[in-house]
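Here the structure is laid out as structure tokens; the discussion comes afterwards.
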Amino acid sequence: MLASNTVQILVGDSRQVLGQVEPGTVQCCVTSPPYWGLRDYDHGKQIGAESSPEGYVSSLVAVFQGVRRALRDNGTLWLNVGDGYARNGGTGRSGPNALVGNTKKLIQQRNCKVPNCWGLKDRDLMGLPWRIAFALQEDGWLLRSKITWIKKAPMPESVKNRPSNATEELFLFAKNPNYYYDSRAVREKSGANLRNYWILGPDSSGVPHPAVFPRELARRCILLGSQPGDVVLDPFSGSGTTGVVAAQSSRRAILVELNSVYAQQSRSRIAQDLQLTMIL
Ligand SMILES: C[S@@+](CC[C@H](N)C(=O)[O-])C[C@H]1O[C@@H](n2cnc3c(N)ncnc32)[C@H](O)[C@@H]1O
């Protein structure tokens, strides 16, 4: 059992490592997995590098089976995931399949071919967030909300034949119908019940990880989905944002990260940000 105000970082593949988490002990899971075929996280077992998007959806279903096992019966899963386009050949300079950051390596690995599934054609938006949501629903999760994250400062795109993308999906799933949700924890400025669109600015956390989500996104999920002292889980922890915010909110956290370099960076980030008891 974790002592209060601790962050535990487990290094490895979530599909295996989540077996180390005591069943029924986690109150909420807040996470963002790698998006399919976008960034290369430099590990043979990374999720997101599957040869087909169907394989990617299956990988995520397997991870979230481990998450469901770890959750309390009244626990919730908050899942942020982005979409992508089916493309033949070049990827362009911008957009979800753009040659930015370390994207190129992964795009080349899958040879820029339109995946042979779901009737996809060149330039089709794949609808991955909803395909994942439906697969999780079919696997037993209760899908309770779709929140649209509206980005105040989205990645610029030079497209001329469609609007630029400036939103991402965040899904709220529950293990059971009687789940814990504190509607008083985060309200609209007017005092009204929180709406399902969140307008969030960029986060100047300054960490070297390529895909950090805003602390405010994690904060809202953690406050709505748990109480002080509860355990919050992130099976794709990256730079450790969920752990940082959980500890700042007096929650305990269990983080899982495949790449040991990112795990080490999150240890330093958490140690710098907070005076915490860390289990290394
Ligand atoms: C989108 S990033 C998460 C970023 C995080 N939300 C943050 O704010 O820093 C996804 C992370 O999942 C990790 N990852 C990929 N495959 C994994 C797996 N099988 N098990 C655990 N982590 C994995 C990647 O190394 C990457 O750091």
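Both ligands and their constituent atoms are indexed starting at 1 by order of listing.
- Partner S239 forms a side chain to side chain donor-acceptor pair (under 3.5 Å) with one of R269, H209, Q265 and no other, that one being R269.
- Taking every heavy atom of P235 and a limit of under 4.0 angstrom, the matching atoms of ligand 1 come to 21 (C), 22 (N).
- Within the listing of ligand 1, atoms 16 (N) sit less than 4.0 angstrom from a heavy atom of Q46.
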Item checked: side chain to side chain contact (heavy atoms under 4.5 Å, CB included) between T167 and Y197, worked out -> CA-CA 10 Å; T167 62; Y197 64 90; over 6 Å; no
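- The number of heavy atoms from other shown groups lying within 6.0 Å of NZ (K146) is above 12.
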Next item on the list: Could you walk me through whether L258 and Q46 pass side chain to side chain contact (heavy atoms under 4.5 Å, CB included), step by step?
Entry: CA-CA 7 Å; L258 184 64; Q46 68 179 305; 4.0 Å; yes
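- Heavy-atom separations between A218 and ligand 1 are all 4.0 Å or longer.
- Counting protein heavy atoms only, atom 15 (C) of ligand 1 is closest to P34 CG, 3.4 Å.
- Judged as a side chain to side chain donor-acceptor pair (under 3.5 Å), and not counting sequence neighbours, the contacts of E168 are Y35, N80, K151.
- Annotation for ligand 1: atoms under 4.0 Å from non-hydrogen atoms of G12 are 20 (N), 21 (C).
- Nearest residue to atom 10 (C) of ligand 1 from S266, A211, S32 is S32 (criterion: closest heavy atom).
- Close approach of ligand 1 to S239 (heavy-atom distance below 4.0 Å) involves ligand atoms 7 (C), 8 (O), 9 (O).
- Sorted by first and then second residue, the salt bridge (charged side-chain N to carboxylate O under 4.0 Å, His left out) pairs involving residues 222-240 (not counting sequence neighbours) are R72-D230.
- The pair D203-R215 meets the salt-bridge criterion, with a side-chain N (NZ, NE, NH1 or NH2) lying under 4.0 Å from an Asp/Glu carboxylate O.
- Enclosure of atom CZ in R187 by more than 12 non-hydrogen atoms of other residues, nucleotides or ligands within 6.0 angstrom is indicated.
- A 6.0 Å sphere centred on CD of E138 holds no more than 12 heavy atoms belonging to other residues, nucleotides or ligands.
- Not a single heavy atom of G48 sits under 4.0 Å from any atom of ligand 1.
- Checked against a 3.5 angstrom limit, the closest N/O atoms of H209 and ligand 1 fall inside it.
- Here's the thing with Y41: none of its N/O atoms is less than 3.5 angstrom from an N/O atom of ligand 1.
- Note on ring orientation: taking the six-membered ring where Trp is involved, the planes of Y179 and Y181 are perpendicular (angle over 60°, cut-offs 30° and 60°).
- An N or O contact shorter than 3.5 Å links F213 to ligand 1 by distance.
- For ligand 1, the atoms lying closer than 4.0 Å to a non-hydrogen atom of T241 are 7 (C), 8 (O), 9 (O).
- Not a single N or O atom of Y262, backbone or side chain, sits closer than 3.5 Å to an N or O atom of ligand 1.
- Where the criterion is an N or O separation shorter than 3.5 Å, residue side chain and backbone included, F236 fails it with respect to ligand 1.
- Of the polar atoms of D234, none of the N or O atoms is found under 3.5 Å from an N or O of ligand 1, judged by distance alone.
- Of all protein heavy atoms, the one lying nearest to atom 25 (O) of ligand 1 is E257 OE2, 2.6 Å.
- Every atom of ligand 1 is numbered from 1 in the order shown, and the set under 4.0 Å from a heavy atom of K45 is 19 (N).
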